[in-house]
Amino acid sequence: MKFAKKFVVVTLRYMLLAAVAYQLLYPVLYMLSMALRKPEEAIDPSVIWVPKSFTLSNFADALRVMDFWDALQNSVLIGVGCGLFDVLSCAFVAYGFARFKFPLSGLMFSLVILTLVVPIQTIILPLYADMRYFDAFGLMKLTSVVGGPESISLIGSYWSFYLPSMFAMGLRAGLFIFIFRQFFKGMPNELEDAAYMDGCGPFKTFFQVMLPNAKNAIITVFLFSFVWHWNEYYMSNLLLGNMKKNFAIAISSLRVDLQSVVNAQTISDPLLVVTRIQAGALLAIVPLLLLYLLTQRYFTDSIEHVGIK
């Protein structure tokens with residue numbers, strides 16, 4: 001009786017997990033199936049998952065039209081750079097909130113949390129103006145007296161993404177500060193006391209003691225930042241300008257780009273466009289899938305330790 005009960009519970013558990021896994025994997029399996037089939041099989045009712053004949057022409061056209069390697073380079077440089085800057089700056093700010101008491105600290109941290117509900121669209125105009133007419137602390141205007149420019153444009157430059165992240169003002173920085181703050185608050189005070197006894201100041205304690213012990217939070221914040229910047233379309237379309245594009249921009253314009261490069265006989269063929277779009281979407285998520293496969297063990301362990309539900 002006990003064995004039968006255990007068998008039923010295990011069976012139901014695996015059935016539930018299989019159903020959830022199918023729901024999660026269905027979009028990827030659909031993209032793979034559509035990307036590997038010929039256009040005329042896209043609406044063939046006899047073809048459900050496995051194409052009758054495989055082709056790689058969809059991937060070849062998508063690679064060429066998307067400027068895959070340029071888009072990959074831009075996405076990686078933005079994601080990795082912003083991820084590293086977010087980790088350092090947000091950890092630094094969060095350490096101050098977690099370990100030091102200063103006037104209005106509670107109010108200031110509440111304002112940081114409030115940024116989580118502020119959509120990027122509400123601040124995009126001043127952000128664009130700051131990057132288009134960048135003048136750090138008014139220094140450019142001072143140099144203009146001796147013939148220098150009054151401002152410089154960062155539109156079309158990676159620095160339009162890096163600078164906000166360097167000052168803990170990047171994409172979803174409020175969440176990253178919250179994650180680090182919760183992690184630092186849970187660390188024992190004895191670590192800091194021992195560092196102070198050894199003659200370390202607050203900065204040395206942070207960089208040599210606290211930050212190296214925040215590995216789980218660092219992994220979590222870096223991966224979140226990398227993925228969100230990888231998928232960010234609104235800011236990328238505005239700040240990268242017309243000369244550069246990442247995967248988010250490349251996918252959004254893929255349908256129009258495909259119709260502008262194929263020959264006249266296939267411009268109006270929706271089946272050809274559909275299969276190419278599925279191939280392009282699959283190419284855009286492959287790097288993220290590889291990243292997840294390589295870091296899933298560290299990521300799940302990090303999520304458990306930082307207490308994200």
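Just so you know, these numbers use all the heavy atoms, side chains as well, and skip hydrogens, waters and symmetry mates.
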In this structure, would [X] and [Y] fall into the same cluster of hydrophobic residues linked by side-chain contacts under 4.5 Å?
X	Y	answer
L114	F178	no
L111	F167	no
V117	I120	no
V286	Y292	no
L293	F222	no

For the residue pair [X] and [Y], establish whether any side-chain heavy-atom pair is separated by less than 4.5 Å.
X	Y	result
I155	L238	no
L72	P287	yes
L254	M66	yes
L171	H229	yes
K38	S57	no
F224	R172	no
F176	T220	no
L77	V80	no

Search all heavy atoms of [X] against all heavy atoms of [Y] and return the closest pair with its distance.
X	Y	value
F161	P164	O-CD, 3.4 Å
L88	F207	CD1-CE2, 3.8 Å
T295	L291	OG1-O, 2.7 Å
A98	F184	CB-CB, 3.7 Å
S75	F247	OG-N, 3.1 Å
E232	M235	OE2-N, 2.9 Å

Roughly how far apart are [X] [atom1] and [Y] [atom2], rounded to 0.5 Å?
X	Y	atom1	atom2	answer
L84	I218	CG	CD1	10.5 Å
S160	L240	OG	CG	6.0 Å
D130	R132	CG	CZ	12.5 Å
Y162	L154	OH	CG	12.5 Å
F54	E41	CZ	CD	9.0 Å
T205	L211	OG1	CG	12.0 Å

message = For a side-chain contact (heavy atoms from CB on, under 4.5 Å) check, start with the C-alpha distance between F134 and S153, then their side-chain angles and the critical distance, and finish with the verdict.
response = CA-CA 6 Å; F134 181 73; S153 176; over 6 Å; no
request  = Evaluate the criterion side-chain contact (heavy atoms from CB on, under 4.5 Å) for residue pair L175 and W228; output intermediate values, then yes/no.
outcome  = CA-CA 12 Å; L175 176 62; W228 281 331; 3.5 Å; yes
inquiry  = Evaluate L36 against F59 for side-chain contact (heavy atoms from CB on, under 4.5 Å), listing each step before the verdict.
reply    = CA-CA 8 Å; L36 290 175; F59 290 101; 3.6 Å; yes
query = What pairs with F97 under side chain to side chain contact (heavy atoms under 4.5 Å, CB included), at least two apart in sequence or on another chain?
reply =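 V93, F102, M108, F109, V112, I177, R181.
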Whether [X] and [Y] hold their rings parallel, tilted or perpendicular, with breakpoints at 30° and 60°:
X	Y	answer
F85	W159	tilted
F92	F203	parallel
Y95	F100	perpendicular
W230	F226	tilted

inquiry  = One pair to check against side-chain contact (heavy atoms from CB on, under 4.5 Å): L12 and L16. What are the steps and the verdict?
reply    = CA-CA 6 Å; L12 292 176; L16 178 61; over 6 Å; no
Would you give me the side-chain donor-acceptor pairs under 3.5 Å for residues 270-281, sequence neighbours excluded?
unit_1: T275; atom_1: OG1; unit_2: N58; atom_2: OD1; d: 3.2
unit_1: T275; atom_1: OG1; unit_2: L271; atom_2: O; d: 3.2
unit_1: T275; atom_1: OG1; unit_2: L272; atom_2: O; d: 2.9
unit_1: R276; atom_1: NE; unit_2: D61; atom_2: OD2; d: 2.9
unit_1: R276; atom_1: NH1; unit_2: N58; atom_2: OD1; d: 2.6
unit_1: R276; atom_1: NH2; unit_2: D61; atom_2: OD2; d: 2.7

inquiry  = Closer than 3.5 angstrom, by distance alone: can the side chain of N246 be matched with the main-chain N or O of I249 as a donor-acceptor pair?
reply    =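 A pair under 3.5 Å: yes.
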key: N/O donor-acceptor pair under 3.5 Å between S225 side chain and V221 backbone   =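 Side chain of S225 to backbone of V221: no pair is present.
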message = According to salt bridge (charged side-chain N to carboxylate O under 4.0 Å, His left out), does anything in residues 14-36 pair up with another residue at least two apart or in another chain? List the pairs.
response =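 Counting only pairs at least two positions apart or across chains, no salt bridge (charged side-chain N to carboxylate O under 4.0 Å, His left out) contact touches residues 14-36.
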task = Not counting sequence neighbours, list each pair that qualifies as a salt bridge (charged side-chain N to carboxylate O under 4.0 Å, His left out) and has a residue in residues 82-104.
result =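 Those involving residues 82-104 are R99-E192.
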key: Polar contact flag, side-chain donor to acceptor under 3.5 angstrom, Y158-N74   =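 Y158 vs N74: donor-acceptor pair found between side chains.
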query = Taking the hydrophobic residues Ile, Leu, Val, Met, Phe, Trp and Tyr, and joining any pair whose side-chain heavy atoms are under 4.5 Å apart, which ones share a cluster with Y14?
reply =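 Y14 shares its hydrophobic cluster with V10.
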When the side chains of residues 21-34 are checked against the rest of the protein, which donor-acceptor pairs come out under 3.5 Å, sequence neighbours left out?
unit_1: S33; atom_1: OG; unit_2: R37; atom_2: NH2; d: 2.5
unit_1: S33; atom_1: OG; unit_2: W49; atom_2: O; d: 2.5

ask   = Do other residues, nucleotides or ligands put more than 12 heavy atoms under 6.0 Å from the CE atom of M169?
value =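 Atom CE in M169 is not crowded, with 12 or fewer foreign heavy atoms closer than 6.0 Å.
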